Visitor: 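Quick one: the structure is below, and I'll ask about it shortly.
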Protein chains: 2
Amino acid sequence: MGRKRTKSGKIRLAEVAELAGVSPITASRFFRNPEALSVAKRTRVESAARELGYVPNLAARALASQRTEVIGVLIPSLTNNVFSDVLRGIYDASEGSRYSIQLSNTRYSILQEEKLLRLFLAQKPAGLIVTGIDQTTESRAMLEAAECPIMQIMEIGPNPVDMMIGFSHYDAARAAIAHLFDQGRHRVGFVGARMDPRVQRRLDGYGAAMKDAGLFDQRLIVTTATPTSVTLGGALFADLLAREPDIDAVFCANDDLALGVLFECRRRDIAIPDQIAIVGFNDLEFMAASVPTLTSVRTNRYEMGSTAAAMLIEAIEGKRPERPVLDLGFTVIERQSSQTQRQAASPRAGEWMPAAQNDSVTNEP
Amino acid sequence: MGRKRTKSGKIRLAEVAELAGVSPITASRFFRNPEALSVAKRTRVESAARELGYVPNLAARALASQRTEVIGVLIPSLTNNVFSDVLRGIYDASEGSRYSIQLSNTRYSILQEEKLLRLFLAQKPAGLIVTGIDQTTESRAMLEAAECPIMQIMEIGPNPVDMMIGFSHYDAARAAIAHLFDQGRHRVGFVGARMDPRVQRRLDGYGAAMKDAGLFDQRLIVTTATPTSVTLGGALFADLLAREPDIDAVFCANDDLALGVLFECRRRDIAIPDQIAIVGFNDLEFMAASVPTLTSVRTNRYEMGSTAAAMLIEAIEGKRPERPVLDLGFTVIERQSSQTQRQAASPRAGEWMPAAQNDSVTNEP
DNA sequence: GTCGCTGCTGGTAGCGCTGTCAACGTTCCT
DNA sequence: AGGAACGTTGACAGCGCTACCAGCAGCGAC
């Protein structure tokens, strides 16, 4: 003996065990797998722990068990509304579980991501959530060698490292352009900022749709590497307009840009949708509140986060999903900004969904 | 011996020490306080660590040293733009330091905050950042008993637990109303949502300013506990207008509401600023991009986060600031939505700052 | 009655690192 | 020259928990 109730009066597992009249290891089991105890001991340990206000020491647990109960999350931006919704989903789903979230910001740099990945992996996380499908070769190798479940989010594509939840940005963009064609628009401009891989894929979808219709024109595309903003939306649109005054629609790579375009039109007295139709991407809350209301492609951001975390936790606990790739789809929410003539009553008429909406698995490993 | 290079081939400190030809404890010191080593050993350990790709085991370190290198952060919302800016500041300032951020969401509940606080404190964090000054008595007691530096952010007030960074929401609201008075407005409405303590203080500031001018009227105030949104801004403004059609200005508790008011005015063909002036709060990016541009109270959110994290880290490392309370101030950014007659060229004329802007300490413990 | 088998419990031995303190060599002072 | 003072280093003993394996009942099967 010689050591009991050491400094700082912290309650240790041993104290709980002593009070409950069991061995420390039995008390330990109570916290990890209560089912394994007899009912009698279980209640004894439980009340002892409560009485002493015992809180397990996670560092000791991690050291002894050689693993942590941390889920690492790598996202490219903390400012972008899109990620705050995803994050909220992740935090909500992890709450109540034993796992805690460790967040890091890659700032849209895959090199930074690689660095952070190395850091995370060294601490043996219980699981990992990474953004997108564009990792460096090195990152990819580390992820594949990792001993924990991995979830890639925001996007789906071929060759998942492990699990994947997202939707096709390419298809979503195509659907948005198809909607504009439906409305009789032909000269559709593209406005994009930041141009991360997902925005690039939206541009690809736009380009393919335009080409298929024989309407592609490189000059209709205005992009910049600058981070997105409402102000930038206005500026890029002004550029586009200066170059191609005869456009009849603009597809914006995100909603901030779309709002910027809306304001720029107002500034120039361009009628929406009569002269120019606007379609955004993500369907942030303000899109339904603006004047005119703005059409956008709704993405299931919160669900992406919460489902990703929930599935990851299941996988950590041994229950691997039958389908590792989950397509959460998207919906083109048609609003005033893109409706050529007055349509039926509902401002949300015509929702577009992918063929097999909820579980359309696009690729298997 | 008998145990070297154990399972999983992980490099331990002992291996590094062996390769460097020093004792483990010396190698340990290299990572915590390199200055304490002779230059010769320092370089030896350094190259040995690099050669082996050594990564310290944080769990073991935490267990042995009885403290962690984790900074806990408690914020009320992950969705609110305001907090994402603050968070970005916190993450940026912690990057490069040895400390990692552990984030939790209180969802605007001080009971939830108390629960999370208990959880955090049990893991002996290196420091803690909490939002606001309205904690439960129990939380307050725990914070005061904590053995680590504590930073309260977003707001300043009397009796800091330890350190505090923020600004006076009361004064900021008063400044906004003063600006409207300057512009000749008298019937100033207030539109607020969520009504957390900081919004409440803005309302108090509004009320005080109105009373001082003899213009206070309870019916000018429209609030709700519902979470804020652009749509809600329009709805609340509609309520206000129905009740008090003769208002000539609206002070919105945040920018989303202000944008909603702007759109509602557009919907009703109310001229801004001729018929109604609008002032928001926070000065989010879109306020400068809208048509008309929207006046707002700029708050230094990113700086609040980065300064808080930087000061906290300093304090953790023993360098306590000479002034524990830091007022980061605010600025009324005057734009078209509140300017009665055409003013001087600069659209940002008339910036208002608190008397001693950068370090006006309002209260000392 | 013996042999497994299962279900529960406990002992032992670390997990990888750091706090403490003693020991050492060197320098500087008297 | 002797000793104090300093800077640098290492031995030892855990930090609080869990992995591993052994032990011990209680049970049914043969």
Side-chain angles (χ1 to χ4, degrees), chain A residues 1-45 48-49 52-69 98 122-124 126, chain B residues 1-45 49 52-69 98 122-124 126 147:
Chain A
M1 296 288 97
R3 97 155 126 117
K4 52 190 308 186
R5 193 137 328 173
T6 45
K7 73 181 80 173
S8 85
K10 267 289 159 219
I11 307 299
R12 286 166 304 138
L13 189 57
E15 268 93 64
V16 177
E18 194 181 0
L19 180 61
V22 300
S23 73
I25 188 67
T26 301
S28 166
R29 268 191 277 263
F30 168 77
F31 293 101
R32 292 174 295 148
N33 184 18
E35 323 300 309
L37 298 207
S38 63
V39 182
K41 305 232 168 186
R42 200 185 309 173
T43 51
R44 298 244 301 280
V45 176
L52 295 173
Y54 172 72
V55 182
N57 180 323
L58 270 69
R61 179 178 289 178
L63 180 59
S65 66
Q66 294 286 67
R67 57 199 160 68
T68 59
E69 285 170 347
R98 62 201 306 154
Q123 303 310 323
K124 306 202 189 202
Chain B
M1 295 294 94
R3 101 154 123 116
K4 50 190 309 186
R5 193 138 327 171
T6 45
K7 72 181 80 173
S8 84
K10 267 290 160 218
I11 306 299
R12 286 166 306 142
L13 190 57
E15 267 94 63
V16 177
E18 194 182 357
L19 180 61
V22 300
S23 72
I25 189 67
T26 301
S28 165
R29 268 192 278 263
F30 168 77
F31 293 101
R32 292 175 293 150
N33 183 18
E35 322 300 308
L37 299 206
S38 62
V39 182
K41 306 230 168 187
R42 199 184 307 169
T43 51
R44 298 245 299 281
V45 176
L52 296 173
Y54 171 72
V55 182
N57 180 322
L58 266 47
R61 180 179 288 179
L63 180 59
S65 67
Q66 295 286 71
R67 55 197 163 69
T68 60
E69 285 170 348
R98 60 201 306 154
Q123 302 312 323
K124 307 204 188 199
E147 296 159 324

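All values reported here derive from a predicted model rather than from experimental measurement.
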Visitor: State whether the side chain of A:T68 and the backbone N or O of A:K124 hold a donor-acceptor pair below 3.5 Å, judged by distance alone.
Guide: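 Indeed, once roles are kept as given, a pair shorter than 3.5 Å links the two residues.
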
Visitor: Would you please confirm or rule out a distance under 4.0 Å between OP1 or OP2 of D:dC15 and any side-chain N or O of B:S65?
Guide: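 For D:dC15, neither OP1 nor OP2 has a side-chain N or O of B:S65 closer than 4.0 Å.
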
Visitor: Report yes if at least one side-chain N or O of A:S23 is closer than 4.0 Å to OP1 or OP2 of C:dT9; otherwise report no.
Guide: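 For A:S23, the contact criterion (side-chain N or O under 4.0 Å from OP1 or OP2 of C:dT9) is not met.
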
Visitor: Specify the separation, in whole Å, of atom CD of B:Q123 and atom P of D:dC15.
Guide: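 My rounded result for the distance is 18 Å.
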
Visitor: Would you mind telling me which of C:dT9, D:dG10, C:dT18 lies closest to the side-chain atoms of B:T26?
Guide: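 Nucleotide nearest to B:T26's side chain: D:dG10.
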
Visitor: Give a yes or no on whether a salt bridge exists between A:R61 and A:E69, defined as a side-chain N under 4.0 angstrom from a carboxylate O.
Guide: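 Yes.
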
Visitor: Should the heavy atoms of other residues, nucleotides or ligands under 6.0 Å from CZ of B:R42 be counted, would the total exceed 12?
Guide: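 For B:R42, atom CZ is crowded (more than 12 foreign heavy atoms under 6.0 Å).
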
Visitor: Using whole Å, report how far CG of A:L13 lies from C1' of D:dC15.
Guide: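 A:L13 atom CG is separated from D:dC15 atom C1' by 14 Å.
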
Visitor: Is any side-chain N or O of A:R61 closer than 4.0 Å to OP1 or OP2 of D:dG16?
Guide: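 Answer is no, no contact under 4.0 Å.
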
Visitor: So does B:P24 get a backbone contact from the side chain of B:S28, meaning a donor-acceptor N/O pair under 3.5 Å?
Guide: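 Flag not set: sc B:S28 to bb B:P24 has no pair under 3.5 Å.
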
Visitor: Would you please confirm or rule out a distance under 4.0 Å between OP1 or OP2 of D:dA19 and any side-chain N or O of A:R67?
Guide: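 Indeed, a polar side-chain atom of A:R67 lies that close.
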
Visitor: Please classify the nucleic acid contact of A:Y54 as base, sugar-phosphate, or nothing, using heavy-atom distances under 4.0 Å.
Guide: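 Counting heavy atoms under 4.0 Å across all strands, the contact made by A:Y54 is with sugar-phosphate only.
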
Visitor: Given atom CG of A:N33 and atom P of C:dT9, what is their separation to the nearest angstrom?
Guide: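 Distance check: A:N33 CG to C:dT9 P gives 12 Å.
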
Visitor: Applying a 4.0 Å non-hydrogen cut-off, can you work out what A:A36 is touching in the nucleic acid: base, sugar-phosphate, or nothing?
Guide: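 The residue A:A36 makes sugar-phosphate contact but no base contact.
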
Visitor: Starting from P on C:dT18, measure out to CG on B:L37 and report it in whole angstrom.
Guide: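 It is 12 Å, rounded to the nearest whole Å.
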
Visitor: Examine the base of C:dG10 for any acceptor or donor lying under 3.5 Å from a partner atom in the side chain of A:R29, and report the outcome as yes or no.
Guide: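 Pair found.
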
Visitor: How close or far is atom P of D:dT18 from atom CZ of A:F30, stated in whole angstroms?
Guide: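 For the pair A:F30 CZ and D:dT18 P, the rounded distance is 13 Å.
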
Visitor: Just to confirm, is there a sub-4.0 Å distance from OP1 or OP2 of D:dG16 to any side-chain nitrogen or oxygen of B:Q66?
Guide: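 Answer yes for this pair, as a side-chain N or O of B:Q66 is under 4.0 Å from OP1 or OP2.
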
Visitor: Quickly work out the B:N57 CG to D:dG16 P distance and round it to whole Å.
Guide: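 It is 17 Å, rounded to the nearest whole Å.
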
Visitor: Does C:dT18 have OP1 or OP2 under 4.0 Å away from a side-chain N or O of B:S28?
Guide: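 Yes, such a contact exists.
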
Visitor: When the distance from NZ of B:K41 to C1' of C:dC24 is rounded to whole Å, what number comes out?
Guide: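 Interatomic distance, NZ of B:K41 to C1' of C:dC24: 11 Å.
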
Visitor: Find the distance B:R12:CZ to C:dG14:C1' and express it as a whole number of Å.
Guide: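 Computing the B:R12:CZ to C:dG14:C1' distance gives 11 Å.
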
Visitor: OP1 or OP2 of C:dG19 less than 4.0 angstrom from a side-chain nitrogen or oxygen of B:R32, does that happen here?
Guide: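 It does, given that an N or O in the side chain of B:R32 lies less than 4.0 Å from OP1 or OP2 of C:dG19.
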
Visitor: Does B:P24 or B:L63 map to a spot on DNA chain D nearer the 5' end, using the closest nucleotide for each?
Guide: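 Counting from the 5' end, the first nearest nucleotide belongs to B:P24.
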
Visitor: Under 4.5 Å between any side-chain heavy atoms of A:N57 and B:L63, yes or no?
Guide: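 Sidechains of B:L63 and A:N57: in contact.
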
